[in-house]
Trainee: 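Just dropping this structure here.
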Amino acid sequence: MAQSVGIKDVARAAGVSVGTVSNVINRPDTVATETRARVLSAIDRLGYVRSESARQLRAGRSRIMGLLVLDMGNPFFVDVARGAERAARKAGLGVMVCNSAESVGEEAEYLSLFAEQRVRGVLLTPADATGRNIDSFRRHGIPFVLVDRVAEGTTECSVSVDDVAGGALAVRHLIDAGHRSLAYVSGPPGFNQVRDRRTGALNALAEAGLGPECLRELPTERLDVAAGRDAGARLLGLADRPTAVFCANDLLALGVLQAMYAAGVGVPDDLAIVGYDDIEFAAAAAVPLTSVRQPAVTMGALAAELLLEETEDDAGRHEHRRVVLQPELVVRRSSLAAR
């Protein structure tokens, strides 16, 4: 195994002190042009790469920001990561992206990894509804910002979307189209987003003078396409099948759409479908999907900016904030049949 090249090797090859090499790397304008060129030539010749971890230990601060999301298979979280990365790169930082896969255990393991790596801070979409993982992580003193969730009962920053308003947008649209019997494919009940979207749906029904019995809930264990197909199969088995379905995210909605297509059920003529997130695949589906749009890239960028603000040199002036963005209904063919 080849030995790694250290700063002492560079200094020896260039005929200068270790301090001079350090100055060339960190403060090049303080080194004479000829000496700087000689050191850079030695670095290139030897293939020296500075130890970022050692530099971080000396400086006492990391150039890495952690991002832990529920499901990197969901394009919504890919967009969140894209926004966070853009903001981090502008500040000269990198982003370590990790996927909890909606697992409380995996979330705990990744939070421990972030603490071991002494990251600058963490952007987190929690999988643990109890908050125990967050409480445990808080002991390390590493700043974090919640993404796609309001920081209820905590003082930390958060960036989220008004999911109650989003659920109301979806169901109000279906009511306006003439539907009076609806289903909600809801995902795991422990997620705040799932509960808030259901609350919004019930609010829209109440506004229209309709009771909660008009919304039949079909919970799923996960928020993915396979779970949506399973919910679609259950929907098909109902004797008094609803005429419209609102899904807690677009992946569930796409799964329901697949189940309807396989069974020969027309969308939207026999069943109207509305999703949530407005991922790129929503518009490209066989029947373009009506969806409640979340500004995912903006959410990621704002969360990263709040974290950067909290960890900069003047962090003492930082005030924790809850940023709540507004959703938007994007109407496409999956919900447009006249009734």
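Quick note: numbers below take in every heavy atom, side chains included, and nothing from hydrogens, waters or symmetry partners. Here the structure is a predicted model, which is why all the values come from computation and not from measurement.
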Trainee: Restricting to pairs with a member in residues 229-243, which pass salt bridge (charged side-chain N to carboxylate O under 4.0 Å, His left out), not counting sequence neighbours?
Mentor: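 Counting only pairs at least two positions apart or across chains, the salt bridge (charged side-chain N to carboxylate O under 4.0 Å, His left out) contacts touching residues 229-243 are R216-D240, D230-R234.
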Trainee: Does L238 belong to the same Ile/Leu/Val/Met/Phe/Trp/Tyr cluster as V256, with side-chain heavy atoms less than 4.5 Å apart forming each link?
Mentor: yes
Trainee: Determine, stepwise, if the pair V331 / L336 fulfils side-chain contact (heavy atoms from CB on, under 4.5 Å).
Mentor: CA-CA 8 Å; V331 178; L336 283 179; 3.5 Å; yes
Trainee: According to salt bridge (charged side-chain N to carboxylate O under 4.0 Å, His left out), does anything in residues 67-92 pair up with another residue at least two apart or in another chain? List the pairs.
Mentor: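 Of all non-adjacent pairs touching residues 67-92, those that pass salt bridge (charged side-chain N to carboxylate O under 4.0 Å, His left out) are D79-R82.
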Trainee: Test V274 against H173 for side-chain contact (heavy atoms from CB on, under 4.5 Å), laying out the working first.
Mentor: CA-CA 9 Å; V274 175; H173 166 68; 4.1 Å; yes
Trainee: Keeping S334 on the side-chain end and T290 on the backbone end, is there a donor-acceptor pair under 3.5 Å?
Mentor: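 It does hold such a pair.
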Trainee: State yes or no: do L210 and V164 share one hydrophobic cluster built from I, L, V, M, F, W and Y residues joined by side-chain heavy-atom distances below 4.5 Å, directly or via other members?
Mentor: no
Trainee: Do the non-hydrogen side-chain atoms of R198 and E217 ever get within less than 4.5 Å of each other?
Mentor: yes
Trainee: Would you say the side chain of E156 lies within less than 4.5 Å of the side chain of R138, judging by non-hydrogen atoms?
Mentor: yes
Trainee: If I compare all heavy atoms of A259 with all of A233, which pair ends up nearest, and what's the gap?
Mentor: CB-N, 4.2 Å
Trainee: According to a hydrophobic-cluster definition based on side-chain heavy atoms being under 4.5 Å apart (Ile, Leu, Val, Met, Phe, Trp, Tyr only), do V330 and V267 belong together?
Mentor: no
Trainee: State the CG-CG distance between L70 and D148, to the nearest 0.5 angstrom.
Mentor: 7.5 Å
Trainee: Is it the case that the side chain of S41 and the backbone of A37 share a donor-acceptor pair, with hydrogens and angles ignored and the cut-off at 3.5 Å?
Mentor: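 Flag not set: sc S41 to bb A37 has no pair under 3.5 Å.
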Trainee: Mind listing the side-chain donor-acceptor pairs of residues 291-305 below 3.5 Å, one per line with the distance, residues two or more places apart or on another chain?
Mentor:
from, atom 1, to, atom 2, distance (Å)
S291, OG, D250, OD1, 2.7
S291, OG, D250, OD2, 3.2
S291, OG, Y276, N, 3.4
S291, OG, D277, N, 3.4
S291, OG, D278, N, 2.8
R293, NE, D278, OD2, 2.7
R293, NH2, D278, OD2, 2.9
Q294, NE2, D277, OD1, 2.6

Trainee: Taking the side chain as C-beta and beyond, is there a heavy-atom pair between V10 and V39 under 4.5 Å?
Mentor: yes
Trainee: What residues form a side chain to side chain contact (heavy atoms under 4.5 Å, CB included) with A206, not counting sequence neighbours?
Mentor: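 Side chain to side chain contact (heavy atoms under 4.5 Å, CB included) check on A206 returns nothing, list empty.
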Trainee: Could you give the distance from CG (L67) to CZ (F144), rounded to the nearest 0.5 Å?
Mentor: 14.5 Å
Trainee: Of all residues at least two apart in sequence or in a different chain, which pass the side chain to side chain contact (heavy atoms under 4.5 Å, CB included) check with A283?
Mentor: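 In terms of side chain to side chain contact (heavy atoms under 4.5 Å, CB included), with neighbours along the sequence ignored, A283 is linked to R332.
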Trainee: Treating R197 as the side-chain partner and G167 as the backbone partner, does any N or O pair qualify as donor plus acceptor under 3.5 Å?
Mentor: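 Absent.
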Trainee: Which residues pass the side chain to side chain contact (heavy atoms under 4.5 Å, CB included) test with F281, sequence neighbours left out?
Mentor: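 Partners of F281 under the side chain to side chain contact (heavy atoms under 4.5 Å, CB included) test: P75, L254, I279.
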Trainee: For A263 versus L236, what's the shortest heavy-atom pair and its separation?
Mentor: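 Where A263 meets L236 most closely, the heavy atoms are CB-CD1, 3.6 Å.
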Trainee: Taking all non-hydrogen atoms of both residues, which atom of P189 and which atom of R195 are closest, and how far apart?
Mentor: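 Closest approach of P189 to R195, heavy atoms only: O-NH1, 3.2 Å.
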Trainee: Does any N or O in the side chain of N249 come within less than 3.5 Å of the main-chain N or O of L252, such that one atom is a donor and the other an acceptor?
Mentor: yes
Trainee: With the side chain counted from C-beta on, respond yes when R149 and S160 share a heavy-atom pair under 4.5 Å apart, and no when they do not.
Mentor: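 In short, these two side chains do not touch, never coming nearer than 4.5 Å.
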Trainee: Could you give all pairs that pass the side-chain hydrogen bond (donor to acceptor under 3.5 Å, both in side chains) test and reach residues 10-24, with sequence neighbours left out?
Mentor: D9-R12, S17-T20, S22-N26, N23-R27
Trainee: Quick check: closest heavy atoms across L182 and R180, and the distance to 0.1 Å?
Mentor: CD1-C, 3.8 Å
Trainee: Atom OG of S181 and atom CD of E213: how far apart are they, to the nearest 0.5 Å?
Mentor: 10.0 Å
Trainee: Donor-acceptor pair, E107 side chain versus A127 backbone, under 3.5 Å?
Mentor: yes
Trainee: Quick one: closest heavy-atom pair of C247 and A253, and the distance?
Mentor: SG-CA, 3.5 Å
Trainee: Should we count CD of E221 as having more than 12 external heavy atoms under 6.0 Å?
Mentor: no
Trainee: Rounded at 0.5 Å granularity, tell me how far OG in S103 sits from CZ in R222.
Mentor: 9.0 Å
Trainee: Which value, rounded to the nearest 0.5 Å, describes the distance between T243 atom OG1 and H179 atom NE2?
Mentor: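 Reported to 0.5 Å precision, the distance equals 5.0 Å.
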Trainee: Once ring pair (Phe, Tyr, Trp, His ring centres under 6.0 Å) is applied, what residue pairs with a partner in residues 80-132 remain, sequence neighbours excluded?
Mentor: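 Matches after skipping sequence neighbours: none remain.
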Trainee: Answer yes or no: is there a donor N or O on one side and an acceptor on the other, between the side chain of S100 and the main chain of V69, under 3.5 Å?
Mentor: yes
Trainee: Does V245 share a hydrophobic cluster with V287, counting links as ILVMFWY side-chain heavy atoms below 4.5 Å and allowing steps through other members?
Mentor: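 V245 and V287: one cluster.
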Trainee: Just so I know, are the side chains of H320 and H318 near enough to count as touching, which here means a heavy-atom distance under 4.5 Å?
Mentor: yes
Trainee: Can you name the nearest heavy-atom pair linking L223 to G187, along with the distance?
Mentor: CD2-CA, 3.7 Å
Trainee: Tell me, which pairs form a ring pair (Phe, Tyr, Trp, His ring centres under 6.0 Å) where one or both residues lie in residues 205-234, sequence neighbours left out?
Mentor: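 Qualifying pairs, neighbours excluded: none.
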Trainee: Is there a side-chain contact between V122 and M65, using heavy atoms and a 4.5 Å cut-off?
Mentor: no
Trainee: Begin with the C-alpha distance, continue with both residues' side-chain angles, and end with the deciding distance and a verdict on side-chain contact (heavy atoms from CB on, under 4.5 Å) for L93 and I64.
Mentor: CA-CA 6 Å; L93 272 65; I64 298 296; over 6 Å; no
Trainee: Got a sec, which residues hit side-chain hydrogen bond (donor to acceptor under 3.5 Å, both in side chains) with T220, two or more places apart in sequence or on another chain?
Mentor: none
Trainee: Rounded to the nearest 0.5 Å, how far does CD1 of I142 lie from OG1 of T311?
Mentor: 11.5 Å
Trainee: Under the ring pair (Phe, Tyr, Trp, His ring centres under 6.0 Å) definition, can you give me all pairs with a residue in residues 225-272, not counting sequence neighbours?
Mentor: Y184-F246
Trainee: With side chains defined as the heavy atoms from C-beta onward, is the minimum distance between V161 and V324 less than 4.5 Å?
Mentor: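 Result no, sub-4.5 Å side-chain heavy-atom pair not found.
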Trainee: Could you go through the salt bridge (Lys or Arg N to Asp or Glu O under 4.0 Å) check for E309 and R321 one step at a time?
Mentor: CA-CA 11 Å; E309 181 183 295; R321 300 195 297 279; 3.1 Å; yes
Trainee: So, using side chain to side chain contact (heavy atoms under 4.5 Å, CB included) as the criterion, who are the partners of V104 when residues are at least two apart?
Mentor: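 Applying side chain to side chain contact (heavy atoms under 4.5 Å, CB included) to V104 gives D128, N133.
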Trainee: Does any part of the side chain of P268, heavy atoms only, come nearer than 4.5 Å to the side chain of S335, both counted from C-beta?
Mentor: no
Trainee: Let's go through T35 and V16 carefully: what are the C-alpha distance in whole Å and the side-chain angles of both, what is the deciding distance for side-chain contact (heavy atoms from CB on, under 4.5 Å) to 0.1 Å, and is it a yes or a no?
Mentor: CA-CA 8 Å; T35 303; V16 298; 3.9 Å; yes
